[in-house]
Number of protein chains: 2
Amino acid sequence: MDYQNYVQMLKAMADPNRLKIIDLLSCGSLCACDILQHFDFSQPTLSHHMKVLQNAGIVFAVKDGKWQHYSLQKRFVQEFKQNTDQLLAADEHCLCQRSDREKDVAN
Amino acid sequence: MDYQNYVQMLKAMADPNRLKIIDLLSCGSLCACDILQHFDFSQPTLSHHMKVLQNAGIVFAVKDGKWQHYSLQKRFVQEFKQNTDQLLAADEHCLCQRSDREKDVAN
DNA sequence: ACTATACATAGATTATCGTCTATGTAATGG
DNA sequence: CCATTACATAGACGATAATCTATGTATAGT
């Protein structure tokens, strides 16, 4: 399994402000100025966070005149849950393999 | 919703090496020396990563003689999936609220 | 007792990250 | 055309994180 994209998603989510942004977007589209109202940091900081979220494939942006409308990528919602299930399940994709020592003990 | 613990989990998972450790532990218990065999970094670095995972409530450790046996916390598996579902669902817990501008447009 | 093994801790270093100010750009309106 | 609004970019800075070497501690075997 290739966790490269999953790690990028996790990194993007592992910030309380960005997590709040995802929460805000989870029920619909918002423009940057609307999102900014929920935070204390500056506008360039929001711009930075939105870029991180876009690069991780979490959010996509549509320009409408002066406004940038942000939404969650549906593919992200699917893939993140899928990758999480795959990671935490002890299935055939699991990386784990018993050590030589433990194999000896088992024999 | 309180995302404090969820953010801590995400931060701990947002590292490719720690994600691989979680994957290794997802189908059973392993001791540190077994985990270390799968990586190129040093033993103190592994010790550091295991501490991060423990502090996030992802992993617990049991000492057995010389060995430290690590396992995934079952509570983590449950809570992480639950928090993820809650974050990404557009339900009543959602933070989002329409801006004044959008409310005006809607009126 | 001595040695080896398994792991933790301390401290330093380098890289990455979150945030800021300053400034640029593009669209809108008078 | 000029001002305003919405947003992006550049560069700097302080904090945090990932890694290392050196060393400490505890357990097991001889």
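Below, read A as the first sequence line, B as the second, and so on, with proteins coming before strands; counting in each chain starts at 1.
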Quiz item: Are A/Tyr70 and A/Phe60 close enough that their ring centres sit under 6.0 Å apart?
Solution: no

Practice problem: Scan B/Phe39 against the nucleic acid and name what it touches under 4.0 Å (heavy atoms): base, sugar-phosphate only, or nothing. | Solution: nothing

Between protein and nucleotides 16-21 of chain D, what N or O pairs are separated by less than 3.5 Å?
unit_1	atom_1	unit_2	atom_2	d
D/dA18	OP1	B/Arg18	NH2	2.8
D/dA18	OP2	B/Arg18	NH1	3.2
D/dT19	OP1	B/Asn17	ND2	2.9
D/dT19	OP2	B/His49	NE2	2.2
D/dC20	OP2	B/Ser42	N	2.9
D/dC20	OP2	B/Ser42	OG	2.9
D/dC20	OP2	B/Thr45	OG1	2.6

Using every non-hydrogen atom in the two residues, find where [X] and [Y] come nearest and quote the distance to one decimal.
| X | Y | answer |
| --- | --- | --- |
| A/Ala12 | A/Arg18 | O-NE, 2.6 Å |
| B/Met9 | B/Ala56 | CG-O, 3.8 Å |
| B/Leu46 | B/Ile35 | CD1-CG2, 3.8 Å |

[N] [atom2] sits how many Å from [X] [atom1], rounded?
| X | N | atom1 | atom2 | result |
| --- | --- | --- | --- | --- |
| A/Lys63 | D/dA8 | NZ | P | 8 Å |
| B/Lys66 | D/dG29 | NZ | C1' | 8 Å |
| A/Gln37 | D/dC7 | CD | C1' | 15 Å |
| B/Leu36 | C/dT5 | CG | P | 14 Å |
| B/Met50 | C/dA8 | CE | P | 8 Å |
| B/Leu10 | C/dC17 | CG | P | 15 Å |
| B/Trp67 | C/dC7 | CH2 | C1' | 12 Å |
| B/Asp34 | C/dA6 | CG | C1' | 11 Å |

Quiz item: Angle class for the B/Phe41/B/Phe39 ring planes (parallel below 30°, perpendicular above 60°, tilted otherwise)?
Solution: parallel

Quiz prompt | side chain to side chain contact (heavy atoms under 4.5 Å, CB included) involving A/Val7 - partner list, sequence neighbours excluded | solution =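 Applying side chain to side chain contact (heavy atoms under 4.5 Å, CB included) to A/Val7 gives A/Tyr3, A/Lys11, B/Pro16, B/Leu19.
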
Self-check item: Closest nucleotide among D/dC7, D/dA8, C/dC7 to the B/Ala32 side chain
Solution: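 Of all the options, the side chain of B/Ala32 is nearest to C/dC7.
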
Exercise. Could you tell me whether A/Lys81 atom NZ has more than 12 heavy atoms of other residues or ligands within 6.0 Å of it?
Key: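 Count over threshold, so yes.
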
Quiz item: Taking only N and O in the side chain of A/Lys51, is any of them less than 4.0 Å away from OP1 or OP2 of D/dT9?
Solution: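 Indeed, a polar side-chain atom of A/Lys51 lies that close.
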
